[in-house]
Amino acid sequence: MTSTACFIIVSRNDIPIYEAEVGSAAKREDAAQLHQFVLHAALDIVQDLAWTTSAMFLKAIDRFNDLVVSVYVTADGIKSFFQEVHELYIKILLNPLYLPGSRITSSHFDTKVRALARKYL
């Protein structure tokens with residue numbers, strides 16, 4: 001069975017700063033818009049859950065058709081993926097040339113995230 005995962009990092013202002021589709025399934029023409037729609041719908045749920053749980057990983061908080069939204073709120077296969085991407089993100093934040101909250105355009109970051117996705121997802 002082929003599958004695709006869409007990985008998005010969202011800033012504090014609810015702005016996507018990094019997006020990557022990983023997996024082997026054929027890409028849909030409207031995938032970017034659909035993922036943005038599902039993401040913004042799920043952000044409301046995340047904000048509500050963040051006040052009621054101390055868990056960092058919120059598994060399957062929302063579903064839309066065949067899409068499932070899982071969230072890693074901050075600092076298991078999937079948990080290891082999120083932890084390693086979190087470390088990469090911290091390295092980006094430590095770069096004095098990166099403006100926090102701006103789009104991540106580093107090809108090195110993108111390559112590493114995609115390699116981690118192949119390894120863990």
Side-chain angles (χ1 to χ4, degrees):
M1 180 176 162
T2 60
S3 65
T4 298
C6 178
F7 176 69
I8 302 175
I9 297 176
V10 181
S11 73
R12 291 182 184 197
N13 300 325
D14 294 342
I15 298 170
I17 58 174
Y18 176 78
E19 299 177 51
E21 278 191 49
V22 293
S24 56
K27 293 184 181 181
R28 294 175 46 158
E29 188 174 310
D30 64 342
Q33 293 84 8
L34 180 61
H35 293 154
Q36 290 268 336
F37 171 75
V38 173
L39 165 74
H40 284 287
L43 283 175
D44 294 333
I45 298 168
V46 172
Q47 289 174 343
D48 291 341
L49 286 175
W51 291 101
T52 61
T53 183
S54 61
M56 292 169 50
F57 177 63
L58 307 175
K59 185 177 180 182
I61 62 158
D62 196 12
R63 294 178 187 275
F64 181 81
N65 293 338
D66 60 339
L67 301 174
V68 179
V69 178
S70 297
V71 177
Y72 185 77
V73 176
T74 214
D76 319 28
I78 276 191
K79 185 176 180 182
S80 296
F81 169 76
F82 284 123
Q83 286 176 329
E84 290 194 35
V85 170
H86 187 245
E87 289 176 18
L88 288 172
Y89 180 62
I90 294 298
K91 289 177 184 176
I92 291 285
L93 289 175
L94 292 174
N95 181 342
L97 301 176
Y98 176 73
L99 178 64
S102 64
R103 204 140 180 76
I104 298 172
T105 57
S106 166
S107 59
H108 176 73
F109 181 84
D110 186 58
T111 302
K112 290 283 191 176
V113 169
R114 291 176 187 278
L116 289 171
R118 280 191 301 277
K119 180 178 178 182
Y120 291 114
L121 302 180

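Position 1 is the first residue of the sequence, and the numbers go up from there.
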Of all pairs that satisfy salt bridge (Lys or Arg N to Asp or Glu O under 4.0 Å), the ones with a partner from residues 98-109, not counting sequence neighbours:
E19-R103
Please, which pairs that meet salt bridge (Lys or Arg N to Asp or Glu O under 4.0 Å) have at least one residue in residues 89-102, sequence neighbours excluded?
none
L93 versus P100, closest heavy-atom pair with distance:
CD2-CB, 4.3 Å
Which heavy atom in V113 sits nearest to a heavy atom in F81, and how many Å separate them?
O-CE1, 3.9 Å
What's the spacing between R114 CZ and R118 CZ if we round to 0.5 Å?
8.5 Å
Between the CD1 atom in I9 and the NE2 atom in H86, the distance rounded to the nearest 0.5 Å is 9.0 Å
Taking side-chain contact (heavy atoms from CB on, under 4.5 Å) as the definition, give me every residue that meets it alongside E84, ordered by chain and number, with sequence neighbours left out.
L116, K119, Y120
Sorted by chain and residue number, the side-chain contact (heavy atoms from CB on, under 4.5 Å) partners of S102 (sequence neighbours excluded) come out as Y98, L99
ring-ring contact (aromatic ring centres under 6.0 Å, His included) filter on Y18, not counting sequence neighbours, yields F109
